[in-house]
Amino acid sequence: MQVYFDNAATTALDPEVIKVMVDVMDNNFGNPSSIHSHGRQVKTIVEKARKTIANLLHVSPAEIFFTSGGTEADNMAIVRSITDFGITHAITSPIEHHAVLHTLEELEKAGKVHLDLLNVDSKGNLDLNQLEELLSSNPRTFVSIMHANNEIGNLNDIQRISELCQRYNAVFHSDTVQTMGHYPHDLGQLKIDFITGAAHKFHGPKGVGFLYINANNKIKPLIYGGAQERNMRGGTENVYGIAGLAKALELAYEHMDEHQAYIQALKSYMIEELQNAIPDIEFNGVVEPEKSLYTVLNVSFPCSDLADMLLFNLDIAGISCSGGSACSSGTDIGSHVLGAIKTNADRPSVRFSFCKNNTKEEVDFVVSTLKELCSKSR
């Protein structure tokens with residue numbers, strides 16, 4: 001059996017998304033910046049996609065800007081906000097995605113900003129009282145806190161964070177890459193300056209994403225070179241990707257409730273089966289449904305002598321999963337998220353991440369494989 005439990009890294013393209021993209025590839029090849037009929041036809045596709053996304057998020061189409069993905073969108077929001085608004089103080093957490101952490105760290109090294117990291121407890125919960133203390137003493141701060149952690153699955157209370165940022169006139173950016181398409185985002189109600197999305201996290205194509213910029217914010221481009229995206233992002237648009245992104249998000253919203261119920265049940269089932277099968281099993285981060293991303297489960301195993309080989313053995317058995325963030329795989333550096341919450345370095349950790357295509361039979365196969373591996377270890 002081949003099992004794919006690494007959906008937080010990327011998801012399979014939905015067949016309906018493929019159909020939309022192929023139709024555009026077959027019939028629309030013009031440059032959307034061209035003023036002739038071929039260009040205008042393609043421009044219409046881009047603007048229709050923008051309107052679809054804006055309607056789902058309850059914002060104006062003029063507030064949606066297409067990018068190459070979540071990393072570019074995060075960089076654009078962070079770099080341009082701090083540079084263009086003259087901000088000298090930023091706050092984030094030590095468990096943010098590297099697209100946020102590394103960007104802010106580089107800005108601090110360059111002397112552009114002073115960076116504060118929020119305290120985090122052993123379960124990955126952020127100290128929002130500390131956030132308020134920092135905001136109260138540092139007016140006009142840039143705050144970047146993700147909606148859900150991509151490694152341990154913790155959901156952050158971005159509504160409360162938004163309210164704190166409003167109270168102290170802070171600029172609030174949230175990396176919503178892991179929750180976009182999985183939770184509703186009503187930006188007509190949530191007061192936020194920037195959020196990001198990447199199509200391949202919700203069964204859309206790789207290499208395309210978007211940045212929402214609240215209309216009250218005026219920033220300069222991160223990438224120069226052309227007048228695309230209303231002079232905000234140079235470069236010919238990835239039209240096929242944009243069409244696929246819009247269709248994928250439309251499908252995600254259409255089936256969101258049923259997919260959430262199904263995947264949450266699958267995750268809960270795996271938690272129970274692992275607890276029954278392997279003594280001393282632990283879970284990194286919070287696993288309560290109301291506080292945890294339903295697509296992510298990070299498991300800590302007692303079989304310490306398999307630490308360096310557990311992922312390899314799972315791969316040999318036909319099981320694809322991750323030892324942490326996919327963006328860190330292949331390096332010798334351990335997970336910065338697991339390091340920040342001070343997990344036991346002697347216990348191997350594996351992230352299993354689910355989607356609508358996974359089944360209980362796959363969970364049973366994974367659990368039985370893990371039980372056998374850990375039994376051999378003991």
Side-chain angles (χ1 to χ4, degrees), residues 63 65 67 69-110 112-120 124-152 154-180 183 185 187 190-198 201 209-214 216-217 219-220 222 293 325 327 336-337 340:
E63 295 174 303
F65 298 86
T67 67
T71 295
E72 183 193 330
D74 284 337
N75 272 259
M76 184 174 177
I78 295 167
V79 174
R80 296 319 315 181
S81 291
I82 288 172
T83 303
D84 297 346
F85 299 157
I87 292 173
T88 58
H89 180 246
I91 302 170
T92 190
S93 82
I95 61 173
E96 290 293 311
H97 192 280
H98 279 149
V100 170
L101 265 180
H102 286 176
T103 305
L104 285 168
E105 287 167 354
E106 287 301 312
L107 288 168
E108 185 176 44
K109 287 178 188 176
K112 300 289 187 181
V113 70
H114 170 73
L115 180 62
D116 277 313
L117 300 181
L118 296 180
N119 297 326
V120 59
N125 298 304
L126 304 182
D127 187 346
L128 296 189
N129 292 325
Q130 180 197 15
L131 173 61
E132 182 165 17
E133 291 172 6
L134 288 168
L135 287 174
S136 65
S137 57
N138 295 278
R140 201 51 177 164
T141 289
F142 180 85
V143 177
S144 184
I145 302 292
M146 65 198 334
H147 188 199
N149 187 272
N150 54 302
E151 293 195 36
I152 58 176
N154 283 29
L155 283 169
N156 292 314
D157 188 351
I158 58 174
Q159 179 63 49
R160 183 183 169 193
I161 296 169
S162 169
E163 291 167 358
L164 288 173
C165 288
Q166 279 189 283
R167 188 179 307 164
Y168 295 101
N169 194 32
V171 176
F172 181 29
H173 159 261
S174 184
D175 181 332
T176 54
V177 165
Q178 288 294 335
T179 58
M180 186 61 61
Y183 292 86
H185 290 274
L187 303 186
L190 178 69
K191 303 306 177 185
I192 195 166
D193 296 288
F194 305 92
I195 66 164
T196 56
K201 304 295 187 179
F210 67 89
L211 173 65
Y212 159 77
I213 305 177
N214 186 285
N216 294 322
N217 296 301
I219 62 173
K220 296 176 182 177
L222 180 69
L293 181 60
S325 168
C327 300
H336 70 286
V337 174

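Values below: every heavy atom of this structure, side chains too, minus hydrogens, waters and symmetry copies.
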Apply side chain to side chain donor-acceptor pair (under 3.5 Å) to residues Glu96 and Ser93 and explain how you reach the verdict.
CA-CA 6 Å; Glu96 290 293 311; Ser93 82; 3.3 Å; yes
Do Leu155 and Tyr183 touch side chain to side chain, with heavy atoms closer than 4.5 Å?
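The answer is yes; the side chains approach within 4.5 Å.
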So do the side chains of Asn138 and Tyr168 get within less than 4.5 Å of each other, counting heavy atoms only?
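They are not in contact (no side-chain heavy atoms under 4.5 Å apart), so the answer is no.
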Name the one of Asn75, Thr92, Thr71 that satisfies side chain to side chain donor-acceptor pair (under 3.5 Å) with Thr103?
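Checked Asn75, Thr92, Thr71 against Thr103; only one passes side chain to side chain donor-acceptor pair (under 3.5 Å): Asn75.
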Judged by atom type as modelled, is there a donor-acceptor pair below 3.5 Å linking the side chain of [X] to the main-chain atoms of [Y]?
X      : Y      : value
Asp84  : Lys220 : yes
Thr83  : Arg80  : no
Gln166 : Lys191 : no

Mind checking what makes side chain to side chain donor-acceptor pair (under 3.5 Å) contact with Asn156, not counting sequence neighbours?
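For Asn156 there are no side chain to side chain donor-acceptor pair (under 3.5 Å) partners, ignoring immediate neighbours.
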Tell me, please, which residues at least two apart from Asp74 pass side chain to side chain donor-acceptor pair (under 3.5 Å).
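Asp74: side chain to side chain donor-acceptor pair (under 3.5 Å) contacts with His173, Thr196.
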From CA spacing to verdict: side-chain contact (heavy atoms from CB on, under 4.5 Å), His147, His185:
CA-CA 11 Å; His147 188 199; His185 290 274; 3.4 Å; yes
Between CE on residue Met76 and CZ on residue Phe210, distance to nearest 0.5 Å
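Taking CE in Met76 and CZ in Phe210, the distance rounds to 13.5 Å.
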Measure the CG-CD distance between Leu190 and Glu163 for me, rounded to the nearest 0.5 Å.
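Interatomic distance, Leu190 CG to Glu163 CD, rounded to 0.5 Å: 9.0 Å.
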Salt-bridge test for Lys109 and Glu106: reply yes if a basic N is under 4.0 Å from a carboxylate O, no otherwise.
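Salt bridge: yes.
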Applying the side chain to side chain contact (heavy atoms under 4.5 Å, CB included) test to [X], which of [options] qualifies?
X      : options                : answer
Phe172 : Ile158, Thr141, Ile195 : Ile158
Ile95  : Leu126, Asn154, Ile145 : Leu126
Phe142 : Thr88, Ile82, Leu115   : Ile82

From CA spacing to verdict: side-chain contact (heavy atoms from CB on, under 4.5 Å), Ser174, Ile192
CA-CA 8 Å; Ser174 184; Ile192 195 166; 3.6 Å; yes
Run the side-chain contact (heavy atoms from CB on, under 4.5 Å) check on His336 and Leu101 step by step: do they pass?
CA-CA 10 Å; His336 70 286; Leu101 265 180; 3.6 Å; yes
For Glu63, salt bridge (charged side-chain N to carboxylate O under 4.0 Å, His left out) partners two or more places apart:
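Per chain and number, Glu63 pairs via salt bridge (charged side-chain N to carboxylate O under 4.0 Å, His left out) with no residue.
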Take Leu118 and Leu134 through the side-chain contact (heavy atoms from CB on, under 4.5 Å) test and state the conclusion after the steps.
CA-CA 9 Å; Leu118 296 180; Leu134 288 168; 4.0 Å; yes
